[in-house]
Amino acid sequence: MEYPITQDAGLEARDDRLVTDSARTDRPTPDVDVVVVGAGIAGLYLAYRLSRAGHRLRVFEAGDDLGGTWYWNRYPGARVDVPSIDYMYSFDPNWQRDWQWSEKYATQPEILRYLNHIADKHDLRRHITFSTRVRQAGWDDGASLWRVRTDGGDDVSARFVVMATGCLSMPKQAEVDGLESFTGEVYFTSRWPHDPVDFTGKRVAVIGTGSSGVQSIPVIAEEAREVVVFQRTPTFSIPARNGQVSPERLALFAANEADYRSAARMSPGGIPMERSITPTFSVSEAERQQRYERAWGIGELFEAINVYADVLSNPAANHEFAEFFRNKIRAIVDDPQTASDLCPTDYPVATKRPCLDTNYYATYNLPHVRLVNVRKHPIRQITETGIDTAHEAFTFDAIVFATGFDAVTGAITAVDITGRDDAALKDKWADGPQTYLGLTTAGFPNLFLITGPGSPSVLSNMAVSIEQHVDWVLDCLGHLRAHGFAAIEPTAMAEAGWTQHVNDCADITLFPAANSWYMGANVPGKPRVFLPYPAGVDFYRATCDEVVARDYLGFKLSGPEGSMCNDGLVRRLQPDVEMILIQMAAMNLPTLDSMPVDEARAFYAQMSTTRPPGPDVGEIVDGVLPGATGDLAYRLYRPPTPGPHPIVVFFHGGGWVVGDAVSDDPLCRDLCVRSDAIVISADYRHAPEHRFPAAVDDAMAAVRWVADNAEALGGMPGRLAVCGWSAGGNLAAVVSRLTRDAGGPHIVGQVLLTPPTDGDLTRASYVENADGYGLTTALAQWCYDHYIDPADRRDPRFAPLCAGDLSGLPPAIVVTAEFDPLRDEGKAYAAALDAAGVPVEHVRARGHTHQSLTMVDVALSGAPVRARIANALRGFFLPTRTPETAA
Ligand code: FAD
Ligand code: NAP
């Protein structure tokens, strides 16, 4: 729900000149306007933007120099995994003149030199206090400022705190017993010494095979006498094919740098690239293999993940791509057991961060390199001289931990941050982080998180995401200043909505299937929540911009002269449904109600040909059954399991005017497989040629015929349910009542999917969802007008809601969709059934439209609702519901 802006007088824009906050208030003047924590890519860009905007700032950095990730991770082989040309600031576009990358994927020293070059060029060091860790930050509500304390004894007050602490900056603990007893050298890739480490002639253990392990193992193996890699989970890695910066990319870039950077900002991952819209199985196997080979050959991570649109959502598509990788591993690695151990099998490809490597798999062919599968041979302990597994004692001169990070939230919650009423952020996030846009969190005013949880962060080219966040924060500070506000904070509603939206996005992907650091699963005790925002940099940026354009939707802005809050949710549709609506709108298709009926039918049929087919069933049989006045077509879907099966008679949607068994084919397949029931999709005569009650008469005839012929059809006599979508849902409801009144056939349950139940166009849902969500109120009106005279619209054979007595009807599941003009009719019918004592499950499909629940394999977020329908059907078919036992 959106609330009106409550704006106190005198808050309109009035002064864009720089005026420090204290000049406008009688509150204490903070020491600085902004404290920034961290001096990596984000902290440096903040220093640049804040200082130029005239804010007084201090940057604290725990390390004794700048660079963040690239200061700490100096391990052998450390490089970027997105092309260097993309992994750089865009605010300083003169790099062609004063900075040239020597390689497609620059090494850590080169990136660190680049960051130092930027800091020197723009004189950023003077803002940074090095070797100083921020320990505490507390919001002082009375003074409306933050009090920040460091381990260096600083006690600084600031109006704003920006956590630029990094997503991958808090190393994980070793988590192996006995480390303190080891007398050899110990290294963590994430805290590598500044002096060179020489492994020549040494026996080296490496624990961990994520990106850091994959990059360092081949380089360590070049020096060491012996390398033993302890692998808990194998990784998917593709060859980086490093070399010169690609001439094509350079040419593209040189042609128009501004366009290039802008394409990156509006791309899915922060690198100029079109989002793939081709589903894997829509092309031939030969074409797919070619495409995979191309991805393997290019050596670019984001290109590889983008091979097909459904790699991260369709298990079968993902499996095929994963198998391609596994075949590559088997082809490279000589020893079959080692190859087998290196093949990931227990998580979908790309649900853990895939790696880019140079000679990783081939390194295992070297005689002095060995892989220990820790799942088969668990590490028992580290000893004085090496590592003991359950089966073997190893001796080492050095142990390298490449065991990763407490990612995304670790560095934030490591600081003792308290907000309003001294509430601790760590406690608030105990069950998982809650943020609005990944940028802010309720109860913690004036606290900004750069690439925080709930933003694209680690799923994107971080350089682009960091700039977008910093730019947003700077614009926000400018807005507050210009409008006389001193504080900004998200509302609880906006935050809950965003957290839900991030989960919705993750739930339609395969990401939650992996025990990854994206899910917090790598740190013992960390809540299992998907941390980054997976819908893409482009959608995310558009959302952040929209929030601003809608008067900082979901934020409360306050100051000495009043406050303002335009509360609400910025994303309410399910993410895939929203994407479909955007695509449909872009196609600018004509509406059915703008066409003559014949054209509308042809158009509707044509639309049915361009969608995924739905799941395979055991058998499909087309036939005819005797309708009320003549033969009608039906299509029978038989499950792949041995019969006999219960039967569902299904009535298709289409407003009584368009549609047939084919138009609802994927839905019927899905229903058949999920409920393990025969589905018989029965046609009925259409309006306007055959107006009300022709469709009802045919629906009744179909139910009778199926009941009479259940056994011959392979069904279980007496286990008969009815189901329908839209107008078909209306028919299912009507038939349920008519069969009750006629004393049979016995119907064990009714499934009503977004049904019209009285056609009352004055209901709120017809007004709220009149346009923009597929079915429009105008189209609903068109259907009603074709089907039935206004004088008949209270006839219970059209309006089951108007039937006087609903008691004794079959148990029902009624599904309504939030963004459906028909929503309130279904809701009213579910309530009426309940009031009449009919067992009814009302499923409110949040974020869905009238059609989206039927879009099998297109709107994936509809699958859980269809699973509930199937579950309800299975319940209807339990023996306790058959006529014999019911009696
Ligand atoms: P960081 O670079 O992590 O900087 C945060 C800084 O904050 C650190 O210096 C830390 O010391 C400091 N800090 C933290 N807490 C405190 C505190 N309480 N007080 C004071 N200081 C504090 N991303 C990509 O997009 N592409 C890549 O190729 C890529 N490669 C990577 C390679 C490695 C080895 C790693 C670990 C990460 C990589 N990343 C990559 C992610 C990388 O972290 C980001 O790209 C980017 O460097 C993050 O910058 P940042 O400024 O946000 O954070
Ligand atoms: P990581 O991906 O989390 O990998 C850590 C590895 O250590 C995993 O194989 C993990 O196994 C293993 N491990 C952790 N604890 C263990 C234990 N107690 N016993 C045995 N094995 C253990 O960490 P990372 O390699 O440092 O990479 C983190 C992220 O940083 C990357 O995903 C990437 O985003 C970024 N990065 C990028 C690059 C690059 O190429 N530019 C390089 C390095 C890092 P499990 O999987 O079973 O937990």
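As a basis for the values below, the full set of heavy atoms in this structure was taken, side chains included, without hydrogen atoms, waters or symmetry mates.
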How close do [X] and [Y] get, heavy atom to heavy atom, and via which atoms?
| X | Y | result |
| --- | --- | --- |
| D857 | G614 | OD2-CA, 3.9 Å |
| V311 | N318 | O-ND2, 2.8 Å |
| T435 | P453 | OG1-O, 2.8 Å |
| L853 | V815 | CD1-CG1, 3.6 Å |
| L356 | A240 | CD2-CA, 3.9 Å |
| V537 | S267 | CB-O, 3.3 Å |

Check whether any side-chain heavy atom of [X] sits under 4.5 Å from a side-chain heavy atom of [Y], and report yes or no.
| X | Y | result |
| --- | --- | --- |
| V751 | L873 | yes |
| F324 | R288 | no |
| I305 | L312 | yes |
| S861 | D507 | no |
| P575 | I508 | yes |
| V349 | H319 | no |
| F281 | Y308 | no |
| Y634 | S681 | no |

Between atom [atom1] of [X] and atom [atom2] of [Y], what is the distance when rounded to the nearest 0.5 Å?
| X | Y | atom1 | atom2 | answer |
| --- | --- | --- | --- | --- |
| I813 | L752 | CD1 | CG | 9.5 Å |
| L671 | C723 | CG | SG | 5.0 Å |
| Y773 | R823 | OH | CZ | 10.0 Å |
| S455 | W498 | OG | CH2 | 9.0 Å |
| C544 | Q468 | SG | CD | 4.5 Å |
| L581 | D576 | CG | CG | 10.0 Å |

Main chain of [Y], side chain of [X]: is a donor-acceptor contact present, judged purely on distance under 3.5 Å?
| X | Y | result |
| --- | --- | --- |
| E619 | R638 | no |
| N730 | P756 | yes |
| R353 | V458 | yes |
| S726 | G728 | no |
| S84 | V80 | no |
| T235 | S237 | no |
| W725 | F650 | no |
| T351 | A514 | no |
| H686 | V657 | yes |
| N461 | G270 | yes |

Checklist entry - When you look at CG of D346, are more than 12 heavy atoms from neighbouring residues, nucleotides or ligands closer to it than 6.0 Å? => result yes

Checklist entry - For I277, does the CD1 atom have more than 12 heavy-atom neighbours from other residues, nucleotides or ligands under 6.0 Å away? => result no

Next on the checklist: If you apply the rule side-chain contact (heavy atoms from CB on, under 4.5 Å), what do you find for F877 with D676, and how did you get there?
Outcome noted: CA-CA 10 Å; F877 292 134; D676 197 32; over 6 Å; no

[Y] and [X] side chains, donor-acceptor separation under 3.5 Å:
| X | Y | result |
| --- | --- | --- |
| T849 | D820 | no |
| N515 | R528 | yes |
| T776 | D771 | no |
| S465 | H469 | no |
| T280 | D310 | yes |

Checklist entry - Can you list the steps and then say if R249 with D86 is a salt bridge (charged side-chain N to carboxylate O under 4.0 Å, His left out)? => result CA-CA 10 Å; R249 201 174 278 265; D86 298 298; 3.0 Å; yes

Next on the checklist: Which residue is it: Y360, Y347, Y361? I am looking for the one with a ring-ring contact (aromatic ring centres under 6.0 Å, His included) to F236.
Outcome noted: Y347

Is the [X] ring parallel, tilted or perpendicular to the [Y] ring (thresholds 30°, 60°)?
| X | Y | answer |
| --- | --- | --- |
| Y684 | H652 | parallel |
| Y260 | F253 | perpendicular |
| Y533 | H501 | tilted |

Item to check | E546 vs R541, salt bridge (charged side-chain N to carboxylate O under 4.0 Å, His left out): CA-CA, chis, key distance, verdict | outcome: CA-CA 8 Å; E546 185 182 329; R541 177 183 292 271; over 6 Å; no

Checklist entry - Residues in salt bridge (Lys or Arg N to Asp or Glu O under 4.0 Å) with E323, at least two apart? => result R326, R330

Item to check | Verdict with supporting geometry, S90 and E467, side-chain hydrogen bond (donor to acceptor under 3.5 Å, both in side chains) | outcome: CA-CA 8 Å; S90 70; E467 280 196 342; 2.5 Å; yes

Item to check | Intermediate values then yes/no, salt bridge (charged side-chain N to carboxylate O under 4.0 Å, His left out), R241 and E300 | outcome: CA-CA 9 Å; R241 304 190 194 282; E300 290 191 14; over 6 Å; no

Checklist entry - Which is it for D665 and R669 under the salt bridge (charged side-chain N to carboxylate O under 4.0 Å, His left out) test, yes or no, and what are the steps along the way? => result CA-CA 6 Å; D665 186 74; R669 288 164 176 265; 2.7 Å; yes

Item to check | Salt bridge R868-E841, side-chain N to carboxylate O under 4.0 Å | outcome: yes

Checklist entry - Which is it for F539 and R571 under the side-chain contact (heavy atoms from CB on, under 4.5 Å) test, yes or no, and what are the steps along the way? => result CA-CA 11 Å; F539 284 106; R571 290 285 167 260; over 6 Å; no

Next on the checklist: Please determine whether side-chain contact (heavy atoms from CB on, under 4.5 Å) holds for the pair R572 and F819, giving the CA-CA distance in whole Å, both sets of side-chain angles, and the decisive distance to 0.1 Å.
Outcome noted: CA-CA 9 Å; R572 296 175 61 201; F819 295 95; 3.7 Å; yes

Next on the checklist: Testing D664, V662, V658 one by one against D660 for a side chain to side chain contact (heavy atoms under 4.5 Å, CB included), which residue passes?
Outcome noted: V662

Checklist entry - Please walk me through it: do L437 and V547 pass side-chain contact (heavy atoms from CB on, under 4.5 Å)? => result CA-CA 9 Å; L437 303 174; V547 163; 4.0 Å; yes

